[in-house]
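Below is one structure, written out as structure tokens; the observations come after it.
Computed from heavy atoms alone, side chains included, the values below leave out hydrogens, waters and symmetry copies.
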Amino acid sequence: MNILILNSGSSSIKFQLIEMPSEKLVCSGLLERIGHQDAVINYKTEKVNLKKVQPIESFKLGLQKMVDLLLDPEQGVIKNTAEIEVIGHRVVHGGNSFSNTILITSKVKAEIKKSFPLAPLHNPANLEGIIVAEKLFPSAKQVAVFDTAFHQTIPDKAKRYAISNTFFESGIQVYGFHGISHKYVSQKAIEYLDLNKSKIITVHLGNGCSMTAVKDGQSIDHSLGFTPSNGLIMGTRSGDIDHGAIFYMVNTLGYTVEEVNNLLTKKSGMLGLTGYSDLRDIIAEAENGNKDCQLALAMNTYRIKKYIGSYTAAMNGLDAIIFTAGIGENANLIRKMVCEDMEYLGVGFDEVKNKVKSNELREISTDDSKVKVLVIPTNEEIEIAKQSYGLLKKT
């Protein structure tokens, strides 16, 4: 069975064509920096390794270019769209409507749309991917895999807010996000470390960032909440902020609620602190002496340290810290700044190992470190393929 996986992030589209159940990767691609003049297209098969810079103004255009690559007479891997039997979509927010993988219907699409306010940077792109895919692959079954599903195990004491119970009953709670990634890398870590009982912190760092406390394979706490906007400092999102500051912006500074929402989700975070949303640009500027960028990096990594401390306390110990996703896997400076001065937790950090570039699971802690520090490349697409295939086997 050929399953095409679409993973639309806030500024990128990842795709993989996977043959199931063998999990054989037929081809893969990444379109990143969407909306920038220097957007990059990476496309790989056994015969082709293509990389080019080309303006991509929207997700719709990006998806069309993906299909063009798949069908290209020289570089493509399929002769017609009918060869794609299933398309598995990553959907960020399932709200209270979805906690499991599901076949996409008009009702499902309507529910995903209702969740736009809960994930304004992601769910619209996810739904657009579904709608475009239905047109481009009319014979394929469309499947939705929700990022919130892994966090269904978070206990009430961690997922509820200290507000009237009526709000919880209306759906206001911690949902958690990036669950497909956190589940994948935590399972990989448990297998690699051969742990029957485990206390792991997974650190997913990309344009969107989150952390999860994973105890014995289950999510028990998570840095993102009702929406993917709080917690860590992100590319354009502020992360944790005193809600009183929001009221001050509206009541005293004269901003509208819509303006504040746009500010905190699209113009804050690293972008608000530095003028740049891409960490590669920020690191380059910091190395050239840009004080704003240097401070932003310090703030970013300090926030991560605080969550490591709190989650270690919540689990009464720690076996491993896992770095993953685009920044977590590639930015050795961020990993170094996070792991420095954590000897009290039993973290021994190896700077030489940390600088090694690899696409494989690797340790960056010292051999005698009580807490293992691992870099594990996430593969949300494989996880989506597994769940999509498993669903269709049942139906």
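Heavy atoms of other residues, nucleotides or ligands lying less than 6.0 angstrom from CD of E57 number 12 at most. The number of heavy atoms from other shown groups lying within 6.0 Å of OH (Y302) does not exceed 12. Counted within 6.0 Å of CG on N359, heavy atoms from surrounding residues, nucleotides or ligands total 12 or fewer; the atom is thus considered open. Other residues, nucleotides and ligands contribute only 12 or fewer heavy atoms inside 6.0 Å of the NZ atom of K188. Environment of CZ in F167: sparse, with no more than 12 heavy atoms of neighbouring residues, nucleotides or ligands closer than 6.0 Å.
Inspection of the H89 and S388 side chains reveals no N or O donor paired with an N or O acceptor under 3.5 Å. Defined by atom type and a distance below 3.5 Å, a donor-acceptor pair is missing between the side-chain atoms of Q218 and T153. Between Q152 and Y175, the side chains place no donor N or O within less than 3.5 Å of an acceptor N or O (distance only, hydrogens not considered).
Considering only residues two or more places apart in sequence or on other chains, E134 meets the salt bridge (Lys or Arg N to Asp or Glu O under 4.0 Å) condition with K109. Applying the salt bridge (Lys or Arg N to Asp or Glu O under 4.0 Å) rule to R160 yields no partners; only residues at least two apart in sequence or on another chain are considered.
Checked against a 6.0 Å centroid threshold, the rings of F177 and H93 count as neighbours. Ring centroid separation for the pair H178 and H222 does not come in under the 6.0 Å cut-off.
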Inset, instruction - Apply side chain to side chain donor-acceptor pair (under 3.5 Å) to E381 and N7, showing your working. - result: CA-CA 7 Å; E381 291 74 26; N7 184 347; 3.1 Å; yes

Inset, instruction - Would you please test Q64 and D68 for side chain to side chain donor-acceptor pair (under 3.5 Å) and show each step? - result: CA-CA 6 Å; Q64 182 60 59; D68 292 342; 3.1 Å; yes

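Considering every non-hydrogen atom in both V48 and Q75, the closest pair reads CG2-CA, 3.9 Å.
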